[in-house]
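Taking it in order: structure first as structure tokens, then the write-up.
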Amino acid sequence: MLRMSTLLLRTLRDDPADAEVASHKLLVRAGYVRRVAAGIYAWLPLGYITLRNIERIVREEMDGAGFQEVHFPALLPREPYETTNRWNEYGSDLFRLQDRRGNDYLLGPTHEEMFTLMVKGEYSSYKDLPLSIYQIQTKYRDETRPRSGIIRGREFVMKDSYSFDLDDAGLATSYEKHRVAYEKTFTRLGMKYNIVSAVSGAMGGSRSEEFLAPCPTGEDTYVLCEKCGYAANVEAMITKVAPYSGVAPAAMEIFDSPNTPTIDSLVDLLNTKFAPGHQASDTLKNVLLVADGQAISVLVPGDREVDLKRLQANLPGVQELRLFEDGDFAKHPGLVKGYVGPQDAKKLGITVYADPRVVLGSHWITGANQKDKHVRFVTHGRDFDVEKFIEAAEVKAGDLCPECATPVIIDRAIEIGHIFQLGRKYAEALDLTVLDKDGKSKVVTMGSYGIGVSRAVAAIAEQTYDEMGLCWPREVAPADIHIVATGKDDEPFNVAEKFAQELEQAGLRVMLDDRRDASPGVKFKDAELIGIPFIMVVGKGLADGKVEFRDRKSGEKSEFAVDAALATIIATINQA
RNA sequence: CGGGGCGUAGCGUAGUGGCUAGCGCGCCUGCUUUGGGAGCAGGAGACCGGGAGUUCGAAUCUCCCCGCCCCGACCA
């Protein structure tokens, strides 16, 4: 039983000055967490109970799916991360340190290497697979900018699991088992979430999905179709377009267009020079970039920008991507800034990618590759070709769902889980092989799966809080019921104590506000701020033989006779 | 890493060169009060982020450093 008279808890009346988002403000005000350093938080009793509740639920669902729990140190030697090159790849996000002998160590940001090595050390036969193992562990990432309280910290608790299979079909099965286990977990955590396709990269068959908890303060943007439920990362959104159905236009026609280096100025010119009614989407924007030293062009309709993140995600293998600068134009005299068109790309040695909206047969108004000249009726397939279609145009609300063609919305969310078919990258680097049926050595294929456990505390808070304070789902809450005793006589306190013990005997987790010196107003405010789902008040109603029972979320209040209250309350809570 | 802002008691803050750094919350003592963050009286608690400098005099001005927050870049 949690007794407020002795609980290490001091609620704050004012929002902390360094907090911006609701979960941060409330978790601090309600005495769940305290900041220790940027992105590093200490958990007070209420917060730690909540965190452990989430861990427990995650653990139960992982165990229920047949995954085995292990535990690695946070402090790890350099060598395995050297082997996979992540000692370098991770850059300054990695916390590195040295022991007294000057040997390099790191604080684990994630544990693929260690899990791979653990399996390598124990198993060597296909008969041992499949295997899925997990841990709940404190991770360290020296984020350049920790933010939003415990949503993005430098130290955080994560559940990470890894699956090991002989072949792709096995991996798909393990992946699916994790997916199902995650759905159960987040449902039990009382969270709203969407499963969103993430960019899988070019590795054949690899698949990746994120579990996103929608909430306005979330830092991830994603696309959602409210009709069919299609959801995708902005990077992974697929543009579906119909084949070109118009008639073939006349031959290309160059026209004068002085001082029209921008799409807007071009549209104005078209509407005066030719017929009114031209739109930016009739024009073709040629965005020039340098990808690992190679000049490339990305064609998008004139009303769209190129989303660099999306482009990079869909150009696997490209490390460095940047827009053309003046120096690049100088190197390519055939390209006239503001007047670029794709029709001479081959001659100029530029690789052309196109947004799928630039369908074969469609024709466009675009630059003529001459100063102060544009050209119209430039037709894909006749006047220019593209290397391939690429998803690089910015995604806008109202774009059509690739599944059901309904306009999509763009929403914000907190990433709370990620499942990923890793493939053989780590197994190959660390030489994790097993012998198959024929006695041949085969590289194992892996999946990795994460849940942000401490982040879930904040994400749940974000999704459930109201103007009075936190408002936890029952399984997550630090207690099932918060009993408030009010008055100056002993009686309400004695009655509350008795209820507390009986409810506890009935298997409920009880928090009892047995403070004799706090006023009723303070106790009510605290109860609402702390956010335990049910509140029982033992106070002035006792004179009429009654106690009060409140549902924190709905605000609904009822009164029960003292002798009937226990059974009713137990029943109500247990069916909640 | 670029841009912006902020550091005064546990928390929120006032104080732009001049007396012993002020107020609210919280905390301690006493009295009173007990259904919506009570009242009165008394009290404890601050090397004003750190260092150097200017000045008769610095929380206040200057320089350097450190820390924190926000926007952006970044984030298997």
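As a basis for the values below, the full set of heavy atoms in this structure was taken, side chains included, without hydrogen atoms, waters or symmetry mates. Just so it is clear, the model here is predicted, and its values are computed rather than measured. Residue numbering restarts at 1 for every chain, and letters A, B, ... go by the order of the sequence lines.
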Item to check | Pair pattern of RNA chain B in dot-bracket, where unpaired bases get dots and | marks partners in another strand, Watson-Crick or G-U under 3.5 angstrom | outcome: ((((((((.[[[[.)..(...]]]].(((((.......))))).....[[[[[..)....]]]]])))))))....
Checklist entry - Tell me the side chain to side chain donor-acceptor pair (under 3.5 Å) pairs involving residues 484-493 of chain A, sequence neighbours left out? => result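 Matches after skipping sequence neighbours: A:D490-A:R516.
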Checklist entry - What side chain to side chain donor-acceptor pair (under 3.5 Å) pairs are there with at least one residue in residues 554-565 of chain A, not counting sequence neighbours? => result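 Qualifying pairs: none.
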Say you pick atom [atom1] in [N] and the same atom in [M]; how far apart are they, in whole Å?
| N | M | atom1 | result |
| --- | --- | --- | --- |
| B:G51 | B:G67 | C1' | 15 Å |
| B:C25 | B:C31 | C1' | 22 Å |
| B:G43 | B:G3 | C1' | 47 Å |
| B:G17 | B:C56 | C1' | 12 Å |
| B:G57 | B:G18 | C1' | 7 Å |
| B:U16 | B:C6 | P | 14 Å |

Item to check | Pair A:D466 + A:R552, salt bridge at N-O below 4.0 Å | outcome: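 Salt bridge flag = yes for A:R552 with A:D466.
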Report, one line per pair, each donor and acceptor closer than 3.5 Å where one atom sits in a side chain of residues 520-547 of chain A; sequence neighbours left out.
{"from": "A:K523", "atom 1": "NZ", "to": "A:A485", "atom 2": "O", "distance (Å)": "2.7"}
{"from": "A:K523", "atom 1": "NZ", "to": "A:R515", "atom 2": "O", "distance (Å)": "2.5"}
{"from": "A:D526", "atom 1": "OD1", "to": "A:T11", "atom 2": "OG1", "distance (Å)": "2.8"}
{"from": "A:D526", "atom 1": "OD2", "to": "A:R515", "atom 2": "NH1", "distance (Å)": "3.4"}
{"from": "A:D526", "atom 1": "OD2", "to": "A:R515", "atom 2": "NH2", "distance (Å)": "3.1"}

Got a list of side-chain donor-acceptor pairs under 3.5 Å for residues 287-295 of chain A, not counting sequence neighbours?
{"from": "A:D292", "atom 1": "OD1", "to": "A:Q319", "atom 2": "N", "distance (Å)": "3.2"}
{"from": "A:D292", "atom 1": "OD1", "to": "A:E320", "atom 2": "N", "distance (Å)": "2.7"}
{"from": "A:D292", "atom 1": "OD2", "to": "A:Q319", "atom 2": "N", "distance (Å)": "3.0"}

Next on the checklist: Using whole Å, what does the distance between atom C1' of nucleotide B:G45 and atom CZ of A:R10 come to?
Outcome noted: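 Answer to the nearest Å: 15 Å.
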Next on the checklist: Run the side chain to side chain contact (heavy atoms under 4.5 Å, CB included) test against A:I195 and tell me which residues pass, sequence neighbours left out.
Outcome noted: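 A:I195: side chain to side chain contact (heavy atoms under 4.5 Å, CB included) contacts with A:R179, A:E183, A:Y193, A:E209, A:F211.
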Checklist entry - Listed by chain and number, what are the side chain to side chain contact (heavy atoms under 4.5 Å, CB included) partners of A:E61, not counting sequence neighbours? => result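 Partners of A:E61 by the side chain to side chain contact (heavy atoms under 4.5 Å, CB included) criterion, ordered by chain and then number, come out as A:K184, A:T185, A:R188.
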So which protein N/O to nucleotides 33-38 of chain B N/O distances come out below 3.5 Å?
{"from": "B:U34", "atom 1": "OP2", "to": "A:K488", "atom 2": "NZ", "distance (Å)": "2.7"}
{"from": "B:G35", "atom 1": "O2'", "to": "A:K540", "atom 2": "NZ", "distance (Å)": "3.1"}
{"from": "B:G35", "atom 1": "N7", "to": "A:T486", "atom 2": "OG1", "distance (Å)": "3.3"}
{"from": "B:G35", "atom 1": "N7", "to": "A:K540", "atom 2": "N", "distance (Å)": "3.2"}
{"from": "B:G35", "atom 1": "O6", "to": "A:K540", "atom 2": "N", "distance (Å)": "3.1"}
{"from": "B:G35", "atom 1": "N1", "to": "A:E548", "atom 2": "OE1", "distance (Å)": "3.1"}
{"from": "B:G35", "atom 1": "N2", "to": "A:E548", "atom 2": "OE1", "distance (Å)": "2.8"}
{"from": "B:G35", "atom 1": "N2", "to": "A:E548", "atom 2": "OE2", "distance (Å)": "3.4"}
{"from": "B:G35", "atom 1": "N2", "to": "A:R550", "atom 2": "NH2", "distance (Å)": "3.2"}
{"from": "B:G36", "atom 1": "O6", "to": "A:R550", "atom 2": "NH1", "distance (Å)": "2.4"}
{"from": "B:G36", "atom 1": "O6", "to": "A:R550", "atom 2": "NH2", "distance (Å)": "2.8"}
{"from": "B:G36", "atom 1": "N1", "to": "A:E528", "atom 2": "OE2", "distance (Å)": "2.8"}
{"from": "B:G36", "atom 1": "N2", "to": "A:E528", "atom 2": "OE1", "distance (Å)": "2.3"}
{"from": "B:G36", "atom 1": "N2", "to": "A:E528", "atom 2": "OE2", "distance (Å)": "3.1"}
{"from": "B:G37", "atom 1": "O2'", "to": "A:R13", "atom 2": "NH1", "distance (Å)": "2.2"}
{"from": "B:G37", "atom 1": "O2'", "to": "A:R13", "atom 2": "NH2", "distance (Å)": "2.7"}
{"from": "B:G37", "atom 1": "O6", "to": "A:R29", "atom 2": "NH2", "distance (Å)": "3.0"}
{"from": "B:G37", "atom 1": "N2", "to": "A:D526", "atom 2": "OD1", "distance (Å)": "3.0"}
{"from": "B:A38", "atom 1": "OP2", "to": "A:S519", "atom 2": "OG", "distance (Å)": "2.9"}

Next on the checklist: For A:D18, give me all partners under salt bridge (charged side-chain N to carboxylate O under 4.0 Å, His left out), at least two apart in sequence or on another chain.
Outcome noted: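 For A:D18, the residues satisfying salt bridge (charged side-chain N to carboxylate O under 4.0 Å, His left out) (neighbours in sequence not counted) are A:R35.
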Item to check | Reading 5' to 3' through nucleotides 68-76 of chain B, protein heavy-atom contacts under 4.0 Å coded B for base, S for sugar-phosphate only, - for none | outcome: SSBBBBBBB
Checklist entry - Going through the distances and angles, do A:L212 and A:I416 end up as a side-chain contact (heavy atoms from CB on, under 4.5 Å)? => result CA-CA 6 Å; A:L212 299 185; A:I416 44 168; over 6 Å; no
Item to check | Pair listing, salt bridge (Lys or Arg N to Asp or Glu O under 4.0 Å) test, anchored in residues 109-118 of chain A, at least two apart | outcome: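 Sorted result for residues 109-118 of chain A: A:R86-A:E112, A:R86-A:E113.
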Checklist entry - Is there any salt bridge (Lys or Arg N to Asp or Glu O under 4.0 Å) pair reaching into residues 151-162 of chain A, and which pairs are they, with sequence neighbours excluded? => result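 Listed once each, the pairs are A:K139-A:D160, A:D142-A:R154, A:E143-A:R152, A:R152-A:E219.
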